[in-house]
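Below, read A as the first sequence line, B as the second, and so on, with proteins coming before strands; counting in each chain starts at 1.
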Amino acid sequence: MNDLKEMEARAIYIIREAYFRYKRIGLLWSVGKDSTAMLWMALKAFLGKIPFPVIHIDTSYKFDEIYEYRNTMANAWRLNLMIAKNHKALAEGVGPETGTKLECCTQLKTQAFKDFMRYHELDAVLLGIRRDEHGIRSKERYFSPRDAEHRWNYKNQPPELWNQFKTGGGEDHVRVHPILHMTELDVWRYVAMEEIPLTNLYFAQDTSGKRYRSIGCKTCCRPVDSNASDAGQIIAELEVTKEAERSGRAQDKEDAYIMQKLRAMGYM
Amino acid sequence: MSRINIVIVGHVDHGKSTLIGRLFYDTDSIPAQKLQEMEYVSREQDKEMDFAFLMDNLKEERSGGITIDTAQVPFKSTEREFIIIDAPGHVEFTKNMITGASQADAAVLVVDIVEGVKEQTRRHAYLLGLLGFRSVIVAMNKVDLLEEATAYDRFKQVYEDILLILKGLDIDVSWCIPIAAVDGTNVVYPRELPWLTASPPTLLEALNAVHVPDRADAAFRMVIQGVHDGVSMGQVLAGQADAGDCIAAFPEGEIVTLEEMPEAKPISAGEPAAIVSTILPTRGSVLAKAPLPHVSTVVEGNVFWIGRGVMWSQRLVMKCATQEIPCQVFSIEKVVDTHTLEMIEQEACELAEGQAAEMTFLLSRPIVYEEFDILPELGRFTLELDGEVVGAGIFR
């Protein structure tokens with residue numbers, strides 16, 4: 001068994017554990033490569049049809065390509081797609097230009113997500129975060145219990161032994177991280193092996209020499225210099241780079257512990 | 001190329017985080033931004049650049065200089081990929097240490113050669129034994145601090161101390177390597193030590209040589225996670241099966257025929273699987289071919305207690321793979337304090353946090369299990385009280 005198959009097996013086991021343990025679950029789909037790879041594994045876990053909703057948190061500042069791709073694939077994969085949006089904050093004019101990035105992310109992502117979870121009373125939600133993305137995420141558990149405010153009690157996480165996961169007792173809901181063990185390079189190798197279609201933003205178009213390595217809101221993502229136009233070329237590039245994946249993300253740069261602050265408050 | 005998980009344990013301040021930093025640095029695995037970030041935070045806190053910052057990512061960890069929670073970070077040698085698991089040494093964070101260690105295929109025990117064996121060296125070795133480790137790599141750190149004239153005697157002394165402890169726990173020392181994480185001696189790059197005639201491998205060479213068993217040829221075992229749309233879904237732990245095979249379903253004790261495998265066939269060890277059979281096995285079922293596993297309502301285990309204390313007759317839930325079975329504590333024997341490793345009581349009626357014991361449980365329905373050395377996934381269990389994990393163990 002090759003390592004990618006092992007990683008996929010682990011993720012599918014976790015996705016199924018979440019589904020069979022909790023009645024009401026959802027899958028958070030940012031439309032990026034990680035959550036799309038996770039979604040692909042969920043399709044495989046349930047033989048082609050995901051039996052729970054797929055949630056997209058829409059800040060309304062996403063790239064046009066993201067919306068197009070999202071709608072096309074939702075049809076092709078027969079997803080029960082649901083949109084989470086903080087209409088109130090958007091009406092009040094919250095945006096990346098009107099305040100700090102911390103405030104914008106908190107309102108348009110974290111709060112939109114919290115409101116959605118509360119309204120739909122979900123017990124568990126699948127998220128495609130990975131340990132190697134950020135130092136703080138390397139401390140996560142596969143099953144990460146949260147209170148009603150989505151706070152992450154990183155100072156007192158439950159023990160997680162072997163394949164036994166936290167499944168009941170006190171928490172409001174659980175965040176489940178099926179691909180926590182995969183790296184950025186693993187995800188790309190998996191995308192290539194499985195031929196998973198992704199949004200064009202990841203690939204250099206024509207001769208622009210630019211592509212996105214990490215995608216989110218168009219206001220806060222910067223492209224990287226690269227001519228890689230398919231997964232194979234991206235893999236070749238990643239094998240030699242020492243540049244960090246999120247180096248194009250504005251929100252991480254405001255202060256050294258912003259991710260810790262964001263995540264303690266419920267950021268993904 | 002298969003990836004393996006390595007946990008690094010040892011007494012607080014014996015250099016675990018520094019060793020991990022050194023492994024990453026010397027294999028050129030630290031991302032540029034991470035290096036910059038480490039420099040930046042070091043500057044902000046007015047400290048020298050410290051390798052420990054690589055794994056210590058929480059603000060509290062960096063300012064306090066102590067690892068709170070386990071972290072996992074990948075790195076590569078030319079031969080293999082590794083996930084390094086940093087496990088906190090501080091006694092307060094034992095549950096985080098065992099969380100990290102339980103995910104590992106192999107363990108490195110770091111010992112400060114100047115300080116020698118300390119409380120958590122013993123404790124961590126003991127916990128590794130309870131988690132089922134049968135061998136460890138010992139990294140004897142800080143050899144740069146030794147005087148050449150007495151170095152060998154010191155090395156021998158500490159080695160014998162460790163050997164004595166590990167022998168008592170039924171753990172082999174696969175290698176004992178004198179290293180200096182601070183300057184890289186014998187971590188990735190070999191360096192001859194004038195006081196040592198033998199030339200042990202570097203730590204990286206020892207890690208490259210770790211063997212992970214393949215269970216494709218073992219007796220078929222599959223655990224069922226649940227039934228969805230008329231299909232039983234689960235994971236194959238060992239062996240293989242194909243449509244038409246007759247297999248035993250436990251704990252029902254029925255023979256079923258595999259009729260269909262919607263995904264792949266035959267299904268094989270390590271794979272997720274979906275099956276349709278004459279009787280649909282449900283969550284918690286174990287499917288098996290001969291030789292059959294043990295099935296019983298009375299089980300014994302070596303247990304480590306990480307939650308609030310329990311009394312004799314306490315009701316708990318035992319979890320093993322996808323089995324979840326209410327049980328009661330029938331007996332508590334040979335209670336050991338994992339700090340001192342001293343036996344406290346031969347027969348006890350209670351067990352407190354931080355203690356280990358041989359326990360017997362009565363189960364409300366039969367559990368399917370196996371010797372740990374044959375199939376770890378069915379050889380270990382956790383115990384829950386009100387949804388919290390309070391204990392973990394290996395079947396005896």
Next on the checklist: So Glu81(B) and Asp3(A), do their side chains get closer than 4.5 Å, heavy atoms only?
Outcome noted: yes
Checklist outcome for this item: Turns out that what part of Tyr19(A) lies under 4.5 Å from chain B's heavy atoms comes down to side chain
Item to check | Salt bridge present between Asp186(A) and Arg3(B) (N-O < 4.0 angstrom) | outcome: yes
Checklist entry - Is the side chain of Gln225(B) donor-acceptor paired with the backbone N or O of Tyr13(A) at a distance under 3.5 Å, no angle test? => result yes
Checklist entry - Quick one: what part of Glu324(B) sits under 4.5 Å from any heavy atom of chain A, side chain, backbone, both or neither? => result side chain
Checklist entry - Between Asn5(B) and His181(A), is any pair of side-chain heavy atoms under 4.5 Å apart? => result no
Checklist entry - Are Glu17(A) and Arg283(B) side-chain neighbours, meaning at least one heavy-atom pair lies under 4.5 Å? => result yes
Item to check | Portion of Val231(B) that has a non-hydrogen atom of chain A nearer than 4.5 angstrom | outcome: side chain
Checklist entry - Tell me, side chain or backbone of Ala216(B) under 4.5 Å from chain A's heavy atoms, or both, or neither? => result neither
Next on the checklist: For a 4.5 angstrom cut-off between non-hydrogen side-chain atoms, does Phe381(B) reach Gln164(A)?
Outcome noted: no
Checklist entry - Is any side-chain heavy atom of Leu47(A) less than 4.5 Å from a side-chain heavy atom of Asp229(B)? => result no
Next on the checklist: Applying the side chain to side chain contact (heavy atoms under 4.5 Å, CB included) criterion to Glu160(A), which one of Val389(B), Thr382(B), Thr99(B) satisfies it?
Outcome noted: Thr99(B)
Next on the checklist: Quick check on the interface: out of Pro74(B), Gly226(B), Gly100(B), who has the most heavy-atom pairs with chain A under 4.5 Å?
Outcome noted: Gly226(B)
Checklist entry - Does NZ in Lys49(A) sit with more than 12 non-hydrogen atoms of other residues, nucleotides or ligands closer than 6.0 Å? => result yes
Checklist entry - Any donor-acceptor pair under 3.5 Å linking the side chain of Lys95(B) with the backbone of Gln157(A)? => result yes
Item to check | Flag, side chain of Gln103(B) to backbone of Leu161(A), donor-acceptor distance under 3.5 Å | outcome: no
Checklist entry - Which atoms of Leu185(A) come close to chain B, meaning under 4.5 Å heavy atom to heavy atom: side chain ones, backbone ones, both, or neither? => result side chain
Next on the checklist: Side chains of Phe20(A) and His228(B), heavy atoms from C-beta outward: is any pair under 4.5 Å?
Outcome noted: yes
